[in-house]
Chemist: 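Input: one structure, supplied below.
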Amino acid sequence: RALPITVGMTLEAGPSTLGTAAPERRARAGLRRLLSRLGVRGRLFGLAIALVVLGGACALVATSGLIGQKGKVHSVDTVFKEFRTERDAYEGWLTQDDQTNMYAALEALRDPHQRQLANVTYAQSVQGHAQALSALQWLIANATDPSIRSAARATLADVGTYSGFGLRMHAAAQKGQIQKAVALVTADNATISNKTQSDFDAMGKSLTASATRINAQANSAASSSVQLVIIVGVISILLAIAITLWLARTIIVPLRELTAASEQIAEGDLAVDVRTDSDDELGRLAGSFQRSVTYLNEMARAAEQVADRDLS
């Protein structure tokens, strides 16, 4: 009798409702049949699988974020190594510059007692130049940014030009041309000295900017990963709760009905009709319960007939 009422309401709501109601009913009926075939054990097992899948999704998102962060950390480490190498080159050049000027000053003293110090000072100048060359050559070969490699080549050329003034100064000092030696490392090399300083400053700023940019990208990626993990985690929790409640309802509602029927029988009321369209464990239990109720009703009628002395 419910079907005609439903159809009438559907027709009043409009043809679109009629078109969607039937598929929805079929879908629900198919879902009930599927749950019936699964049984209680299958539903619980399905719930466990669903929870594992949701947990795996969270773990996958978290792992993906960690892998992305690992790449960003590697990029930061690379830029930091390049920056440190550029600073080594700069420190080597500063050592060469300082010790070259100090050597010229010691030679200008014309003090034989300072000869050993002068030799040590010039050796330190040569070591500083070698340090600058080694670091710049590493940048040319290994820097990830082409602009840094290009800047390292230009700086290496300028360091070589600057070093030429030091070599000529040393040669002049060895010949006793002290005034020429001092001029070579004070006035004559001023232009290339300033240019080399500018080269190092520009390269250092470029590397600092790269490190800042990559660090900002890493922080942004980390924030996005955390947000994504939180979103996926919240959605997974909500889905897990919804699936759990839904599956629990498919088990609890039939048990509640059977419990109510049992209480009704316990109170002496055998007018109980437990019907189910499920063939799972709960459906079979309900069927057995209904057969028991039918048997009790038959026994009750037989007892009444005996009491009325009706033995027919």
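Note that these values count all heavy atoms, side chains included, but never hydrogens, waters or copies made by symmetry.
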Chemist: Testing the 3.5 Å rule here: is there a donor-acceptor pair between the side chains of S125 and T100?
Modeler: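 There is such a pair (donor and acceptor under 3.5 Å, judged by atom type) between the side chains of S125 and T100.
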
Chemist: Could you pull out the closest heavy-atom pair between S193 and D97, with the gap in Å?
Modeler: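 For S193 versus D97, the nearest heavy atoms are OG-OD1, 4.4 Å.
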
Chemist: Parallel, tilted or perpendicular, judged at 30° and 60°: which one describes the rings of Y122 and H170?
Modeler: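 Because their plane-to-plane angle is under 30°, the rings of Y122 and H170 count as parallel.
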
Chemist: Count the heavy atoms belonging to other residues, nucleotides or ligands that lie under 6.0 Å from CZ of R153, then report whether that count exceeds 12.
Modeler: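 For R153, atom CZ is crowded (more than 12 foreign heavy atoms under 6.0 Å).
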
Chemist: If you compare all heavy atoms of P146 against all heavy atoms of T144, which two are closest, and at what distance to 0.1 Å?
Modeler: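 Minimum heavy-atom contact is CD-O, 3.5 Å.
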
Chemist: Can a side-chain donor-acceptor contact be found between Q197 and Y90 if the only test is distance below 3.5 angstrom?
Modeler: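 Yes, a side-chain donor-acceptor pair sits under 3.5 Å.
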
Chemist: Taking T294 for the side chain and Q290 for the main chain, is one N or O donor matched with an acceptor at less than 3.5 Å?
Modeler: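 Checking the backbone N and O of Q290 against the side chain of T294, a donor-acceptor pair under 3.5 Å is found.
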
Chemist: Could you see if L94 belongs to whatever hydrophobic cluster contains I192? Use Ile, Leu, Val, Met, Phe, Trp, Tyr and a side-chain cutoff under 4.5 Å.
Modeler: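 In one cluster: yes.
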
Chemist: Where do I148 and S206 come nearest, in terms of heavy atoms and distance?
Modeler: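 Heavy atoms only, the tightest pair is CD1-OG, 3.3 Å.
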
Chemist: Please name the pair of heavy atoms, one in V182 and one in A108, separated by the smallest distance, quoted to 0.1 Å.
Modeler: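 Looking at all heavy atoms of both residues, the shortest contact is CG2-CB, 4.3 Å.
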
Chemist: Please examine the side chains of M299 and Y295, heavy atoms only from C-beta on, and report whether any two atoms are closer than 4.5 Å.
Modeler: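 Y295 vs M299: side chains touch.
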
Chemist: Can you name the closest pair of heavy atoms from A173 and A181 and give their distance?
Modeler: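 Closest heavy-atom pair between A173 and A181: N-CB, 3.9 Å.
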
Chemist: Who pairs with Q99 by side chain to side chain donor-acceptor pair (under 3.5 Å), at least two apart in sequence or on another chain?
Modeler: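 Applying side chain to side chain donor-acceptor pair (under 3.5 Å) to Q99 gives Q124.
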
Chemist: Between atom OG1 of T155 and atom CG of D201, what is the distance when rounded to the nearest 0.5 Å?
Modeler: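 Reported value, rounded in 0.5 Å steps: 10.0 Å.
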
Chemist: Any side-chain heavy-atom pair from Y162 and K195 closer than 4.5 angstrom?
Modeler: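 Answer no - side chains too far apart.
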
Chemist: So W138 and E86, do their side chains get closer than 4.5 Å, heavy atoms only?
Modeler: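 E86 does not reach W138 side chain to side chain.
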
Chemist: Quick one: do the T95 and Q131 side chains pair a donor with an acceptor below 3.5 Å?
Modeler: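 Judged by distance alone, the side chains do not pair up.
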
Chemist: Does R115 come within less than 4.0 Å of E107, counting only side-chain N to carboxylate O?
Modeler: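 E107 and R115: salt-bridged.
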
Chemist: Is it true that the side chains of R291 and S288 contain a donor and an acceptor less than 3.5 Å apart?
Modeler: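 Yes, a side-chain donor-acceptor pair sits under 3.5 Å.
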
Chemist: Linking I/L/V/M/F/W/Y whenever their side-chain heavy atoms sit closer than 4.5 Å, directly or via other members, would V293 and L285 fall into one cluster?
Modeler: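 Both belong to a single hydrophobic cluster.
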
Chemist: Are H129 and V126 close enough that some pair of their side-chain heavy atoms sits under 4.5 Å apart?
Modeler: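 The answer is no, as the side chains (C-beta and beyond) never meet within the 4.5 Å cut-off.
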
Chemist: Can L109 be reached from V120 by stepping across I, L, V, M, F, W or Y side chains whose heavy atoms are under 4.5 Å apart?
Modeler: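 No; L109 is not reachable from V120 via cluster members.
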
Chemist: I'd like to check N189 versus L184 (side-chain heavy atoms, cut-off strictly below 4.5 Å). Are they in contact?
Modeler: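 No, too far: nothing below the 4.5 Å cut-off.
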
Chemist: Determine whether I237 and L245 fall in the same hydrophobic cluster, where Ile, Leu, Val, Met, Phe, Trp and Tyr are linked whenever their side-chain heavy atoms lie under 4.5 Å apart.
Modeler: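 In one cluster: yes.
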
Chemist: I'd like to check M203 versus L136 (side-chain heavy atoms, cut-off strictly below 4.5 Å). Are they in contact?
Modeler: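 A side-chain contact exists here, since the closest heavy-atom pair is under 4.5 Å.
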
Chemist: Would you mind reporting whether S262 and F289 have side-chain heavy atoms less than 4.5 Å apart?
Modeler: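 Yes - at least one pair of side-chain heavy atoms lies under 4.5 Å apart.
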
Chemist: Does W93 share a hydrophobic cluster with V185, counting links as ILVMFWY side-chain heavy atoms below 4.5 Å and allowing steps through other members?
Modeler: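 Yes, one cluster joins them.
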
Chemist: Give a yes or no answer on whether the side chain of S163 reaches the backbone of V159 with a donor-acceptor pair at less than 3.5 Å.
Modeler: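 Absent.
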
Chemist: For the atom pair CG (L133) and CD (Q96), what is the distance rounded to the nearest 0.5 Å?
Modeler: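 L133 CG to Q96 CD: 8.0 Å, rounded to 0.5 Å.
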
Chemist: Checking side-chain contact (heavy atoms from CB on, under 4.5 Å) between Q177 and each of Q179, Q174, K180, which is the one that passes?
Modeler: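 For Q177, the side-chain contact (heavy atoms from CB on, under 4.5 Å) check succeeds only for K180.
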
